[in-house]
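Some notes on the structure that comes next.
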Amino acid sequence: MSAVGTAERPLRVAIVGSGPSGFYAAQHLLGGPDTVEVDLVDRLPTPFGLVRGGVAPDHQNIKAVIRAYDKTAKLAGFRFVGNVAIGRDLTLDELRAAYDQVVLAVGCESANPLGIPGQDLPGSHSATAFVGWYNGHPDHRDFVIDLSATAAVVVGVGNVAMDVTRVLVRDRDELAKSDIADHAMQRLREGAVKDVYVLGRRGAAQAAFSPAEIKEIAELDGVSLVVRPEDAALDPASEAWLAEHGDKPTHENVRFLQEIAGRPPTGDRRVHLRLLTSPVALYGNGRVEEVELGRNRLEPDGKGDLRAVDTGERERIRAGLVFRAIGYRGTALPGCPFDERKGTIPNEGGRVIDKDGRPIPGLYVVGWAKRGPQGLIGTNRADSKDTVEKMKQDRASLDPAPRTRPAVLDRVGVGWTDWERLDAEEIRRGQERSKLREKLVQIEEMVAFLKG
Ligand code: NAP
């Protein structure tokens, strides 16, 4: 029998999830001396995961990374199989039986809860759903939101919080030229939000946003970024922490916030960055009307970092919308181990492990499903490479018996040329509306279009 990885018996790999980590895994697997066939499987008919459904529509420069994925898609041995869901169209065990190695690149698709009274009142939303909705993700096509409130609260000071805040206050005509979904643009145009309170539970030295992201908010036309001096000031513990552990972006954030602190607002829309502040309860008659804020101080967490502790000080603000941007969370894939506490797939350096800590032969994980929802898109390149190295080390133990591609992939799967047709159609529809792209937002609509 021929060895695995030869022209007679190619190495057959399935990657589940076609976001950045899935594409980087494919890139590292293909183009080497061995003969490798990669099937990149996605539950949606469209590729690119969070680059399409998560990156903000006004950040097209970030979306340009797609050009690199397009190149990967042209490599010999690459195959895209969209519209196939594990657990719906075939089981993970069936997939594992059909391939030598399976890589899970399923990301983190749900949102962390706030865990405070009133969190489920209408008007309180996860950033995940809002982002998916304005990006035309089929999962969030029917998301219901009332944007008639004049004030909104965004909880969290990461880059997702910055995206949500920008979309709420950015000039509507500018936003309309992007690839934002039409259904969202219409509602945003009718919306009334003028004040956005962005809450960071810790201080300026612990803010998770990138310097470029917070500066972009301050530079938006007609928008003032309002920072109170007492929020930008560092307590002695943060000063010491910053001096010892602070990286360049953190120093830049602190410098910038201290520089603009105390400036009076000028525009007709305001973003109030409130640090050392947590929401403690949401109130309202049938929907969110008020948010109770608690003031925090910082204390050492015993692990070299500082944590927020409630001082008991309270304040109430009127706001009809709340978005929690406090981190994504993974969801269990049927038939696969899952760490409920971390919201990730348990693994050792990318090898998926069972409940006894033993590697499951041929099963690997990359990206957010592997390490949790942190890092920029590029972080996934090295991360996927690391897992692919482990896969190469494990090749010697592979069974050279032939593997058969599951018939369901050909029956319901959408290929790369199908995606190219969808892509061209979306761009054409966008041109009709003087925007970059108008996405098809329902899976049935995409499939119907492809069937002609
Ligand atoms: P993130 O960077 O981890 O930020 C989460 C924020 O939520 C932090 O400020 C965190 O504060 C806060 N938080 C967590 N639990 C909280 C709670 N119970 N109450 C109040 N605040 C809480 O996560 P993210 O914004 O979802 O972004 C995920 C990753 O995608 C990041 O690596 C991000 O840089 C990346 N991303 C990048 C871009 C871009 O480059 N433009 C855009 C979007 C996302 P603590 O620090 O106190 O925990």
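Atoms within each ligand, like the ligands themselves, are counted from 1 in listed order.
Listed by number with element, the atoms of ligand 1 under 4.0 angstrom from any heavy atom of Ala208 are 2 (O), 4 (O). Near Leu376, meaning under 4.0 Å from any of its heavy atoms, are these atoms of ligand 1: 34 (O), 37 (C), 40 (O). Annotation for ligand 1: atoms under 4.0 Å from non-hydrogen atoms of Asp163 are 42 (C), 43 (C). Here is the list of ligand 1 atoms found below 4.0 Å of a heavy atom in Pro373: 28 (C), 29 (C). Listed by atom number, the atoms of ligand 1 under 4.0 Å from Val157 heavy atoms are 6 (C), 9 (O).
There is no protein heavy atom less than 4.0 angstrom from atom 3 (O) of ligand 1. For atom 10 (C) of ligand 1, the nearest protein heavy atom is 4.0 Å or more away.
Of the protein's heavy atoms, Asn159 CB, 3.4 Å lies nearest to atom 38 (C) of ligand 1. For atom 24 (P) of ligand 1, the closest heavy atom belonging to the protein is Val160 CG2, 3.6 Å. Ranking protein heavy atoms by distance to atom 18 (N) of ligand 1, first place goes to Arg201 NH1, 3.5 Å. With hydrogens left out, the protein atom closest to atom 46 (O) of ligand 1 is Arg202 NH2, 2.9 Å, a heavy atom.
Note on Arg437 versus Asp423: salt bridge recorded, some NZ/NE/NH1/NH2 to OD/OE distance being below 4.0 Å.
A heavy-atom separation below 4.0 Å is found between Gly375 and ligand 1.
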